[in-house]
Amino acid sequence: DLLNITGTWAYAAGTSRTVNVPVGARVIGIAASRGGSFTVAGGETITVPTGGSVNIWPHGNVTAPQIIFTGTTTYFVEYVS
């Protein structure tokens with residue numbers, strides 16, 4: 001299902017760290033702000049502009065990834081399982 005965003009909602013939030021989304025959970029939103037970078041499931045580095053933000057809405061199409069936030073001021077990952 002390309003838009004599978006139903007299920008039990010949960011989130012992770014903080015400054016900089018590695019987020020391991022639980023097995024079977026589907027990511028519905030990723031946000032980071034004020035500098036630094038992050039990667040999703042070992043992909044390419046996504047740079048967060050200094051003083052800006054990046055928001056990604058994979059709509060449940062990313063399942064149980066590891067998301068690594070480096071040097072970010074804040075991050076938020078929401079997912080359903």
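Along the sequence shown, residues carry numbers from 1. As the structure is a prediction and not an experimental result, all values here were calculated from the model.
Within the 4.5 Å cutoff, the side chain of Ile30 has no heavy atoms near those of the Ile46 side chain.
To the nearest 0.5 Å, the span separating CD1 on Ile28 from OH on Tyr11 amounts to 13.5 Å. A distance of 5.5 Å separates OG1 in Thr6 from CZ in Arg26, rounded to the nearest 0.5 Å.
Hydrophobic clustering, with ILVMFWY side chains joined whenever heavy atoms are under 4.5 angstrom apart, keeps Val27 apart from Val80.
Between Trp9 and Phe76, the two ring planes are tilted [angle within 30° to 60°].
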For side-chain hydrogen bond (donor to acceptor under 3.5 Å, both in side chains), just list the numbers for Thr74 and Ser33, CA-CA rounded to whole Å, side-chain angles, deciding distance to a tenth of an Å, and then say yes or no. CA-CA 6 Å; Thr74 61; Ser33 65; 2.5 Å; yes

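Between Ala31 and Asn55 the shortest heavy-atom distance is CB-OD1, 3.1 Å. In plain terms, the two heavy atoms of Ala12 and Tyr79 that are nearest each other are N-CE2, 4.3 Å. The minimum heavy-atom distance linking Pro22 with Ala64 is given by the pair O-CB, 3.4 Å. In terms of heavy atoms, Arg34 sits closest to Thr73 at O-OG1, 3.2 Å. Minimum interatomic distance between Thr39 and Glu44 (heavy atoms only, all atoms of both residues): CG2-O, 4.0 Å.
Between the side chains of Thr72 and Ser16, at least one donor N or O lies within less than 3.5 Å of an accepting N or O. If you check the side chains of Ser37 and Thr70, you find no donor sitting under 3.5 Å from an acceptor.
When each of Val77, Ile68, Val54, Val19 is tested with Phe38 by the rule side chain to side chain contact (heavy atoms under 4.5 Å, CB included), just one qualifies, namely Val54.
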